Structures are given as C-alpha cells and as structure tokens.
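Every heavy atom of this structure was used, including side-chain atoms; hydrogens, water molecules and symmetry mates were not. Just so we're on the same page: letters track the sequence lines, and every chain starts at 1. Note that the coordinates shown come from a computational prediction; the quantities given were computed from them, not determined experimentally.
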Amino acid sequence: MGLKHLIAEAEKLLRSAGVQEPLIQVNRDPSFGEVASTVAFQLAKSLGRSPKLIAEEIAAKIETSGSELISYVEAINGYVNFRANWVGYSQAILEEILSSGGRYGSSGVGAGKRIIIEHTSVNPNKPLHVGHARNVCLGDTLARLYRFLGYEVLVLNYIDDSGTQMADVILGFMELGYRLDPPAGMSFDEYCGDVVYVESVKRAELDPALAERRRQITGEIESRSGRAFELNRMIVWKVLRDQLRTCWRLGARYDVLNMESDILAYGLWDEIFGKLKAAKAIYFAESGPKAGCWLLDLSRHPVLSKEGDEVLIKSDGTTTYIARDIAYAAWKLEASSKDFSYEVFDENPDGSKIYVTSEQGKVRIPVSGAVKVINVIDVRQRRPQEIVRYALSLLGLDAEKYIHYGYEVVALSRKDAEKLGYSPELDQRIIHMSGRRGLYIKVNQLLDLLKWRAMMEIRERHPDWSDDRVSETGEKIAVAALRYALIRQDTDKMIVLDTDEIMRLEGDTGPYLQYTYARALRILEKAGYELSTKPPGEPSEPEKMLLRRMAYFPILLDEFHSNMLIKPITDYAYNLASEFNVFYEKVPVLKADDRERRFRLAIVKSFATLFSILLDLLGVPRIDVM
RNA sequence: GGGCCCGUGGCCUAGUUUGGAUAGGGCGUCGGCCUGCGGAGCCGGAGGUCCCGGGUUCAAAUCCCGGCGGGCCCA
C-alpha cells in the first residue's frame with residue numbers, strides 16, 4: 001500500500017506522541033512533505049499556547065526510526081510535517097499498482113450491491129443536441145465509476161413516447177404530407193426533429209384546425225389503438241435507434257429502455273395513486289380554483305409549502321407529468337407489485353443486450369435492491385424532482401436513495417447562435433437551445449466537425465496511414481474532445497458552447513490525455529519489460545511528482561464514493577498527464593543506465609496501467625498511436 | 001413577490017462540500033526548447049480589488065449576514 005499506508009503510519013506516530021486526534025491532511029505543496037497534521041492549531045486554544053510551540057513539542061516526541069515509509073518529521077509554523085522515505089515509498093506505490101491487475105484504486109466497496117442510473121431520456125422525436133450529450137456523458141461516466149468500484153450497475157433510459165411533442169411529429173406525417181423516408185443523407189431522427197417537428201409546430205401555431213387535429217392525435221396515442229398509435233410506435237422505435245447510435249458514438253451503453261406508455265399501461269399509476277390515498281398524501285379538491293383535481297399535500301414541506309399543493313390529476317381526469325414521475329420513481333424504489341416484461345431491443349457495441357418494455361415480451365428484469373437510484377436530469381427539473389422525492393417520503397419509502405443528479409444546461413454563445421440563423425438581442429450573452437424552434441447544435445454535427453479537424457492533423461503527421469485508420473483515429477479524438485469538455489466542468493456551471501474553443505486539440509483537452517498515453521506506450525513498446533520497482537537512490541523531482549500523484553488515486557476514488565463528483569477525476573487525469581509529460585521531457589528512460597532504466601520503466605508501466613484505467617473511467621477512447 | 005445556482009487576470013476555469021502555508025490550470029499574448037523516449041509536448045515572462053460591504057476565527061476564495069450582477073424554477 002502507498003499513500004494510505006503512509007497516512008496510517010503518520011497517524012500511528014502522532015498517537016505514540018500522545019496525540020488523540022491526528023488530523024492528517026495530504027499536503028497540496030509537497031515541499032513541506034507528503035502529509036501534515038494540523039493538530040497543533042486545534043490544541044492551541046485549549047492549551048493556551050502557540051501552535052508553533054505545540055507542533056515543535058509533538059515533533060520532538062516522534063521517533064521515526066521504526067517507520068517504513070516516513071523518514072522524518074518536522075514542525076514548521078504550527079504544522080507537523082511528515083517527509084517520506086522515498087526509497088521505500090516509491091517502491092510501495094509501484095508495487096501496489098503493478099500487482100493490482102488493472103483494478104488499482106478500486107476498494108471494491110460496491111461488491112454485491114446494485115445501483116440504478118437513469119440518464120439520456122431524450123424525447124424520441126428528434127436527434128440529440130449537445131445539451132443532451134452532457135447528460136449522456138455524465139450518466140455514462142457515473143456508471144463506469146460505480147462499476148469500477150464493484151457495484152452492479154443497471155442503466156436505464158426513460159422514453160417519453162406519449163407526450164404532446166410526439167403528436168407534433170405525427171401531425172406532420174398524417175396531415176402535412178411528409179413522407180416517412182428521410183431525404184438522402186439525413187438520418188430519421190434528424191428528419192423528424194429538424195424538419196417535421198419544427199415545421200409542424202410552426203403550422204399548428206398559425207392554424208387552429210391543425211392544433212385541434214393535434215389534440216385528437218394525442219388522444220388517439222393515449223387510447224393505444226388506431227393509426228396514430230401505430231404510427232407513433234413505429235416512429236419512436238426508429239428515432240430511438242438513431243439516438244442510440246449517437247449515444248454509442250459517445251461511448252455510452254444501456255441495459256433497459258422504459259417506455260412511459262407501456263409503464264402506464266401496466267396500471268402503475270393506479271396502484272401508486274391508491275397508495276398515495278392510503279398514506280393521506282393526496283386529497284381531492286372540492287372547491288376553489290383547483291376544484292375537481294387531486295393534489296399532493298405539500299403543506300408540511302419546509303420550502304415548497306409556500307407555492308401551494310401540486311396537481312397530480314387534472315379536473316378532466318388526466319394525470320400530470322409529475323404524477324407519472326412519482327409512480328415511476330416509486331417503482332424504482334420497489335413500491336409497486338408490477339413487474340414489467342421486456343424484449344430485446346438491440347445490442348450495445350460491447351455485445352450486451354438492451355431490453356425494452358413490451359407487453360408481449362417474456363424477459364423479466366429485476367430492479368430490486370438498489371442501494372441508490374440516480375437520475376441524471378438538468379437543473380431545471382430541480383423543483384419537480386424535489387416534489388417526487390417528497391412524495392416518496394410520504395409513501396414511507398427511503399427517499400434518501402433517490403438522487404437527482406442535476407447539472408446545468410449547455411447554451412449557445414452569441415456567435416454560434418448567429419451561425420444558426422438566430423438574431424440575438426443586444427444584451428443577450430447566451431442563447432438557450434430549443435428543439436421547438438430548431439435552435440440547437442446536434443451531437444453528430446459537432447462530432448463530425450471535430451473528426452474532420454482531427455483527421456487533418458493526423459494526415460499531416462502520418463501521411464502513410466490508410467484512410468480507414470485516419471478515420472478511425474479521428475473519430476476517437478473527436479469523442480475524447482467532446483466527452484472531456486462536457487464532463488470536466490462543474491455540474492452547477494452552465495457551459496456556453498464555443499465551437500472554436502471546443503475544436504481545440506491542445507491544452508486541457510481529451511486529446512492531450514490520449515497523446516500522453518500514446519507516448520507512454522511508445523516507451524514501453526521499445527523497452528521490453530525488464531523493470532524494477534526498487535529505486536537506485538532518491539528519485540528526482542519529476543519522478544516524485546508523478547509517483548505522488550499516482551499514489552493519490554485510491555483516495556480520489558474514495559472521495560468520489562462519498563461526494564459523487566466527476567470533475568475531480570478529470571482534474572486528476574489532466575494533472576497526472578501533465579506530470580507524466582514533465583517526466584517525459586526531463587527524465588530519460590531508455591537512455592538511462594541499467595538500474596535507473598529499470599526503475600523508470602516501472603514508473604512508466606505503472607503510469608500506463610493507471611492511465612488506462614482512468615481513460616476508461618472517463619470514457620475517453622484509448623489510442624495506441626496518434 | 002418566493003426559492004435554487006453561479007460570480008476567481010483579456011476569455012474560460014480549479015480550489016468552496018471538510019477554513020490552513022506562496023490562489024492552481026487552460027486559451028490568448030511575448031520569449032525560449034526537436035541530430036535526443038513522438039513538439040497534439042516542455043520551459044519561462046507579462047497579466048489578480050478571488051463581485052462589493054460587514055461578521056466569525058490564530059487563520060477566510062472557502063463559513064455566517066447584508067447587498068450588487070447573471071442564469072434557472074415557481075407565483
């Protein structure tokens with residue numbers, strides 16, 4: 001064991017000096033030593049003496065001669081700093097990585113436990129835009145991380161196939177004369193979203209007769225029979241196939257597609273409605289502005305009580321979105337006796353099967369026993385998600401398990417909005433994407449642009465490569481650039497898309513990570529594998545920097561396990577790559593003499609092992625030569 | 001009118017959850033480094049009221065209160 005072992009040793013030494021609570025922190029500035037204790041600051045008040053003196057006394061009492069990893073202890077300005085015995089410490093770090101067999105850093109905390117993650121959930125009437133991609137990449141990265149921690153992860157994608165936005169598309173096909181085949185060169189989801197949907201919305205706004213027809217279509221879809229229903233199902237499936245292709249391109253995979261209409265058909269809402277009544281969580285309004293509605297009682301909610309109770313069933317008897325969300329969420333927490341049946345929809349690129357709800361289907365997929373149910377949904381849904389969560393608690397369910405993983409939206413810069421034909425107001429700095437107005441940048445469009453840009457670079461560097469190889473590598477670089485850009489930013493910060501910025505392949509980007517990995521592989525390829533974890537002496541600064549960072553990985557994953565934040569993982573990957581590049585520039589490996597060469601090869605091998613894990617966790621495709 | 005989120009060099013951003021030593025990066029800009037393990041790289045320079053004002057603390061970008069500006073959700 002590396003860093004964790006070193007921390008444990010430092011704690012032991014402090015206890016041996018009479019310190020009750022060691023308060024160890026990993027130093028950000030390693031010139032003070034690897035770890036430090038701030039215990040002297042804590043004791044200063046109660047002892048009525050200066051932290052500086054207390055720290056010096058503690059340090060004086062500590063005897064490091066029996067320690068494997070710590071060489072000495074010194075008090076500086078009230079901190080008690082611990083310096084590593086680098087000969088032993090670097091060996092411990094390298095051996096832990098090399099012996100872990102590609103599982104380095106995984107504590108295995110999730111073994112035997114299940115987590116449900118729902119992400120993507122794009123209406124099946126349009127292609128994915130970059131905002132959706134943020135959802136897909138965050139959700140998929142969470143799935144990868146939890147799987148690595150040993151959890152069994154079930155990935156769901158919720159398909160709202162019964163909303164009015166579907167009726168818009170159906171209206172176009174039934175009443176506006178659109179043929180079912182897209183024009184040449186256009187995929188079906190693009191055709192529906194870019195052409196039929198946008199035009200249909202526009203026409204229905206101008207023509208009340210069309211708006212009325214759309215209402216009829218909505219009713220027909222909900223009645224689950226007739227031409228509109230059949231057409232709807234066919235379109236949903238076709239669009240979904242195209243959408244999934246885009247998601248696969250981004251590296252995502254799925255286990256289950258839950259169709260909203262199928263789930264309602266199973267009587268899920270009726271069952272949960274009964275339970276809500278029994279729990280006295282809802283009531284029927286006899287009078288007032290909401291007379292005839294069933295409402296969720298929010299009067300005891302600390303914040304939402306101010307806004308009045310939430311309508312679940314409208315006076316015309318139809319359910320609201322939020323009612324259906326509550327029923328569905330309750331099902332995820334096993335509050336329902338319903339057991340949906342599934343059939344195979346498709347296969348992920350890794351060969352695993354994707355199931356879709358189906359009345360004729362024979363497959364049962366248990367959702368029972370999840371320790372967490374994570375729902376990746378943008379921040380605009382924060383209030384409704386809080387209501388869902390509150391309803392779950394009123395039903396007596398463990399609402400703590402139900403997690404809204406919120407993230408800010410992706411918006412357009414003025415410049416990019418103008419390129420799409422939009423005229424911003426003078427003071428408008430950002431423009432929100434809109435499916436209804438056709439104002440968005442498609443994932444495929446942006447990936448294609450990135451790929452084209454990457455391919456130009458590749459052709460310059462490798463004029464001898466075949467077209468296939470150039471294209472394949474270009475695709476991987478494009479995916480890396482987009483995926484990394486979307487997950488590296490804090491989830492509560494909006495991303496204002498700047499296509500010039502995102503086209504960059506240098507600096508803090510996905511391709512930088514790929515390039516660094518390829519460099520490491522090149523050394524290993526030329527070196528063979530005679531390596532040694534035993535340093536010939538005190539390692540150099542660049543070696544220490546790299547070793548230090550590698551040693552931190554297990555703690556990084558522990559932190560993720562408690563805070564669920566992805567961004568620190570991307571920061572870590574970038575810093576690690578950066579430190580490897582410094583090492584690469586400053587410390588020769590292949591040309592070093594024997595003992596140094598073997599030790600440095602162990603460092604490179606360890607780096608490649610760890611970095612390969614990291615790239616997989618982030619969904620950045622690995623490239624051996626670029 | 002109520003609630004939530006954001007505010008860090010010209011631009012973007014980490015650090016805020018858990019207060020700790022000199023506020024890290026990237027882009028851009030200026031200047032260096034390929035007969036060397038791959039220059040999609042590395043090194044250096046210039047550039048900062050951490051939005052403002054109070055408070056707590058030995059210590060505040062970080063915690064608390066009050067503003068200002070922007071975004072979102074609800075009424």
Side-chain angles (χ1 to χ4, degrees), chain A residues 23 25 27-29 31-33 36-38 40-45 48-52 54 76-79 81 301-308 310 378-387 406-409 411 413 427-430 432 453-454 457-458 460-462 477 480-481 485 488-496 498 500-502 504-516 518-527 542 559 562-565 567-568 570-572 574-575 577-578 580-592 597 600-601 604 623 625-626:
Chain A
L23 300 170
Q25 61 178 30
N27 282 334
R28 251 184 348 156
D29 181 351
S31 67
F32 293 115
S37 168
T38 53
F41 296 101
Q42 299 296 317
L43 292 174
K45 194 159 200 181
R49 292 165 48 215
S50 86
K52 193 167 180 297
I54 298 171
I76 306 173
N77 295 329
Y79 293 86
N81 289 319
H301 190 282
V303 179
L304 297 171
S305 54
K306 290 181 199 161
E307 294 174 3
E310 186 73 18
D378 78 54
V379 288
R380 292 173 300 187
Q381 294 291 317
R382 196 164 275 168
R383 194 191 94 98
Q385 282 295 305
E386 175 53 28
I387 293 173
Y407 63 93
E408 262 291 352
V409 297
S413 61
D427 57 344
Q428 228 180 338
R429 306 188 59 188
I430 59 150
H432 287 287
R453 165 94 178 74
E457 293 285 332
I458 298 165
E460 226 166 89
R461 282 157 221 252
H462 304 283
I477 292 172
R488 71 181 280 273
Q489 174 132 275
D490 194 310
T491 47
D492 46 23
K493 257 176 175 159
M494 192 188 292
I495 295 178
V496 180
D498 180 334
D500 294 334
E501 165 72 15
I502 216 161
R504 219 167 27 83
L505 307 176
E506 313 102 47
D508 188 1
T509 63
Y512 174 83
L513 303 183
Q514 294 175 309
Y515 179 72
T516 307
R519 275 181 143 185
L521 290 192
R522 212 62 334 98
I523 294 178
L524 294 174
E525 180 187 273
K526 293 183 180 169
E559 286 170 347
S562 60
N563 64 22
M564 298 179 68
L565 298 175
K567 180 186 50 161
T570 62
D571 288 349
Y572 177 85
Y574 176 73
N575 286 322
S578 176
F580 180 80
N581 280 318
V582 173
F583 166 85
Y584 185 93
E585 300 279 343
K586 302 257 169 78
V587 184
V589 177
L590 298 179
K591 272 162 294 219
R597 175 188 152 100
R600 288 172 187 170
L601 274 174
V604 177
I623 302 175
V625 185
M626 74 183 271

Which base sits across from [N] as a Watson-Crick or G-U pair, both distances under 3.5 Å?
| N | result |
| --- | --- |
| B:rC42 | B:rG32 |
| B:rC27 | B:rG10 |
| B:rU22 | none |
| B:rC63 | B:rG55 |
| B:rC72 | B:rG3 |

Can you find a donor-acceptor N/O pair under 3.5 angstrom joining the side chain of [X] to the base of [N]?
| X | N | result |
| --- | --- | --- |
| A:Asn81 | B:rA21 | yes |
| A:Asn27 | B:rA21 | yes |
| A:Arg28 | B:rA21 | no |

Does [X] have a side-chain nitrogen or oxygen under 4.0 Å from the phosphate oxygens OP1 or OP2 of [N]?
| X | N | result |
| --- | --- | --- |
| A:Arg519 | B:rG39 | yes |
| A:Arg382 | B:rC5 | no |
| A:Tyr407 | B:rC72 | no |
| A:Lys591 | B:rC37 | yes |
| A:Lys306 | B:rG1 | no |
| A:His462 | B:rG38 | no |
| A:Lys567 | B:rU13 | no |
| A:Lys526 | B:rG38 | yes |
| A:Tyr584 | B:rC42 | no |

What does [X] touch in the nucleic acid at a heavy-atom separation under 4.0 angstrom: a base, only the sugar-phosphate, or nothing?
| X | value |
| --- | --- |
| A:Pro51 | nothing |
| A:Val589 | base |
| A:Leu565 | nothing |

Find the distance [X]:[atom1] to [N]:[atom2] and express it as a whole number of Å.
| X | N | atom1 | atom2 | answer |
| --- | --- | --- | --- | --- |
| A:Asp508 | B:rA40 | CG | P | 17 Å |
| A:Tyr512 | B:rG25 | OH | C1' | 10 Å |
| A:Ile458 | B:rG38 | CD1 | P | 18 Å |
| A:Ile430 | B:rC11 | CD1 | P | 17 Å |

(Q) Need to verify one output field. Residue with the more 5' nearest nucleotide on RNA chain B, A:Arg429 or A:Pro511? (A)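 Comparing both residues, the 5'-ward one is A:Arg429.
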Q) Taking the nucleotide of RNA chain B with the closest heavy atom to each, which residue, A:Ser562 or A:Asp29, is nearer the 5' end? A) A:Ser562
Q) Pick from A:Ile502, A:Val496, A:Asp500: which one makes a side chain to side chain contact (heavy atoms under 4.5 Å, CB included) with A:Asp498? A)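 Passing option: A:Asp500.
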